[in-house]
Amino acid sequence: MRELLRILETEGPVDSQELAVRLGQSVAEVEAALADLREQGVLLRYSALVNWEKVEEEKVYAFINVSATPEHGCGFDKVAEYLSQFAEVHSLYLMSGQADLCVVVEGRDFRDIARFVAEKLAPTPGVRSTSTSFVLKTYKMEGEKLFGEAKNGRLAVSP
Amino acid sequence: MQTALRPSRLARELPPNGIREFFDLVQTRSEVISLGVGEPDFATPWRICDAAIEGMRRGQTSYTSNYGTLELREAIAEDLERRYAVSYDPGTEILVTAGVSEAMDLAMRALLDTGEEVIVPEPCYVSYRPCVDMTGGRSVGLETRMEDRFILLPEALEAALTPATRAFTLCYPNNPTGAVMTRQELLPLAELAEKHDLVVISDEIYAHLRYIGQHTCFASLPGMRERTILLNGFSKAYAMTGWRLGYACGPAEIIEAMMRIHSYTALCASSMAQTGALEALRHGEQDMQEMVAQYDQRRRLLLQGYRELGLPCFDPGGAFYTFPSIAHTGLTSAQFAKALLFEENVAAVPGTAFGPCGEGHIRATYATHMDLLKEALERLGRFLEKLQAGQIKLEA
């Protein structure tokens with residue numbers, strides 16, 4: 001199961017025939033596992049990893065530390081779920097440490113994100129304070145290094 | 001005419017490395033998918049590089065003890081104890097070397113007197129027999145066969161013994177076949193070693209790359225610790241080939257003899273590499289396991305590909321090689337490998353590079369990216385079709 005998920009996480013969709021060969025299982029077993037994983041909400045979707053910094057289109061990310069007021073019985077869930085509804089929110093985490101939530105926000109430019117923080121995020125009931133850090137350059141995301149590396153100098157044939 | 005720098009008879013009579021010629025041929029071409037490489041396609045895990053870099057920053061760049069740093073030898077001893085329940089004294093029974101290659105050379109030189117024989121099961125790594133022959137000893141090749149899954153059969157070993165036999169080599173998981181031997185299959189060999197008072201030089205460099213069953217360390221068999229020179233290293237499991245770091249373990253007397261030769265020819269293994277190796281043993285397990293999982297997937301993919309192409313290949317349980325038979329094509333190994341290279345730009349090593357009994361086989365590694373393996377299989381399929389249709393002109 002873990003091996004299957006690892007393959008899908010790094011390679012995206014792979015046909016079940018090939019998965020069966022690589023994992024040493026039958027096609028039926030693999031398809032049943034895939035169905036289970038989708039049903040249980042383990043396997044959410046397949047998506048490409050895009051390096052937007054190489055594309056003309058402007059795209060800016062900010063990491064926003066949010067301090068929030070917890071509520072009886074549900075902690076930070078309500079305010080987090082509320083904030084998650086905004087399309088601008090790319091990801092959202094409950095954090096240990098000083099801030100309570102870390103909100104990753106995506107926008108066209110800095111002003112776009114500033115507007116979102118000032119007009120939407122900060123005024124949300126339960127949000128006490130925000131601290132915004134803009135991403136200036138991405139070196140690695142989702143396990144992928146975005147800088148050029150020296151080519152592997154392996155010999156073409158070796159004993 | 002003889003020149004002042006004419007090479008010695010020993011050097012002149014040393015057979016050329018069977019891979020060299022093929023390597024030169026591959027170099028003349030571009031866009032080759034190489035299944036001919038005997039090393040991981042992964043980079044050394046960064047934590048290991050980082051540890052070595054940090055070691056250099058701290059000035060750990062001087063000679064170490066001839067034996068290697070005590071810290072590393074202690075870590076090696078712990079590792080062997082934990083994995084195989086075999087105990088070596090880090091003070092006197094472990095020697096750190098420049099790869100298993102150096103350790104093999106030292107073992108033969110420390111062990112053999114002129115005329116003594118070492119039985120070398122083939123197909124095997126290219127250096128074993130030259131290492132024996134360079135000492136003035138005599139290497140005796142012993143064929144293993146695909147129908148026996150390339151394991152060494154005790155009856156074959158016993159039949160090859162002569163009064164001059166001093167030792168035999170073992171390499172399981174095997175390069176080039178990927179064959180493995182179970183504990184049950186190794187036990188009769190141990191009995192023979194005991195019965196005929198033989199030394200066993202066991203190259204276990206692929207021990208961690210095991211996909212079927214568990215590795216048995218030969219020295220862990222009853223009575224074998226006292227007559228085994230165990231060789232292992234970091235190249236394959238931790239993707240550290242260029243670091244050149246291996247080790248030999250055995251009873252103090254033989255390790256001390258090996259160390260004496262090593263102290264004159266190498267002094268010590270690279271101190272930077274030793275720092276990296278220590279990190280590999282302490283914290284490299286997960287990185288290694290992830291690589292092993294990848295190899296296993298690729299192994300299955302390649303074997304399934306062969307099945308679909310009708311290429312007979314036994315199921316290799318270890319290392320990262322497949323050794324399919326190409327005998328049914330009517331071509332020799334060398335003809336097949338050359339034609340495959342010229343027609344489809346896929347490099348695989350002729351089986352004969354690993355001994356005469358490798359004839360009829362090619363060695364193809366799956367230490368190659370999955371996408372390249374898939375492409376190589378497609379090319380191989382096309383090649384076999386062309387071959388069957390008589391569309392391939394063979395070199396004489």
Side-chain angles (χ1 to χ4, degrees), chain A residues 1-38 42-43 46-51 54 137-159, chain B residues 17-30 32-43 46 101 124-127 175-176 211-212 239 241-242 290 293-294 296-305 307-308 337 341 347-350 353-354 363 365 367-371 374:
Chain A
M1 188 74 84
R2 186 175 292 267
E3 204 54 37
L4 172 62
L5 288 171
R6 240 178 240 254
I7 294 176
L8 300 177
E9 191 180 28
T10 48
E11 298 177 36
V14 176
D15 74 50
S16 7
Q17 201 89 35
E18 182 183 324
L19 287 172
V21 170
R22 286 167 62 178
L23 297 168
Q25 296 174 353
S26 70
V27 175
E29 280 172 320
V30 167
E31 282 176 351
L34 286 172
D36 267 1
L37 290 167
R38 274 192 218 102
V42 177
L43 195 57
Y46 296 107
S47 61
L49 190 62
V50 178
N51 182 359
K54 286 214 165 177
K137 183 174 176 179
T138 311
Y139 293 94
K140 188 175 184 180
M141 59 176 177
E142 306 286 326
E144 197 74 29
K145 284 168 268 184
L146 304 188
F147 48 91
E149 282 189 285
K151 265 186 92 177
N152 183 340
R154 275 208 308 179
L155 301 173
V157 181
S158 59
Chain B
N17 185 328
I19 272 178
R20 188 72 227 176
E21 184 199 355
F22 193 65
F23 173 78
D24 291 340
L25 208 58
V26 174
Q27 289 303 91
T28 63
R29 307 185 64 86
S30 53
V32 173
I33 296 181
S34 184
L35 308 181
V37 186
E39 61 176 324
D41 58 319
F42 298 107
W46 186 250
S101 291
C124 70
Y125 185 66
V126 297
S127 83
N175 177 10
Y211 317 104
I212 301 172
T241 46
E290 277 168 23
Q294 286 281 324
D296 195 18
Q297 287 179 31
R298 298 164 177 189
R299 183 183 72 94
R300 292 197 179 103
L301 184 96
L302 197 54
L303 290 174
Q304 176 65 22
R307 276 194 285 274
E308 284 165 14
L341 178 67
V349 183
F354 309 97
R363 188 194 73 176
T365 180
T368 307
H369 194 278
M370 192 77 75
D371 295 342
K374 289 182 199 165

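On a predicted model such as this, the values are computed, not experimentally measured, just so you know.
Annotation for V126(B) and P159(A): closest pair CG2-CB, 3.7 Å, computed over non-hydrogen atoms. Smallest separation of non-hydrogen atoms from Q304(B) and V21(A): CB-CG1, 3.4 Å. Of all the heavy atoms in Q27(B) and A156(A), the pair that sits closest is OE1-CB, 3.8 Å. Between L23(A) and R300(B), the shortest heavy-atom contact is C-NH1, 3.4 Å. In terms of heavy-atom proximity, S158(A) sits nearest to V37(B) at OG-CG1, 3.6 Å. Closest approach of F22(B) to V157(A), counting heavy atoms only: CD2-CG2, 4.2 Å.
Contact annotation for A293(B): both backbone and side-chain heavy atoms come within less than 4.5 Å of a heavy atom of chain A. In this structure, chain A has a heavy atom under 4.5 Å from the side chain of V26(B), while its backbone stays farther away. Only the side chain of Y125(B) has a heavy atom closer than 4.5 Å to any heavy atom of chain A. Neither the backbone nor the side chain of R20(B) comes within contact range of chain A; no heavy atom of the residue lies under 4.5 Å from a heavy atom of that chain.
Around atom CD of E9(A), no more than 12 heavy atoms belonging to other residues, nucleotides or ligands sit under 6.0 Å away. At most 12 heavy atoms of other shown residues, nucleotides or ligands fall within 6.0 angstrom of atom OH in Y139(A). Within 6.0 Å of CD in E11(A) there are more than 12 heavy atoms belonging to other residues, nucleotides or ligands.
For the atom pair CG (L4(A)) and CD (Q297(B)), the distance works out to 9.5 Å, reported to the nearest 0.5 Å. The CZ atom of R22(A) lies 13.5 Å from the CZ atom of R299(B); values are rounded to the nearest 0.5 Å. Put simply, CE on M370(B) and OG1 on T10(A) are 9.0 Å apart, with the number rounded to the nearest 0.5 Å.
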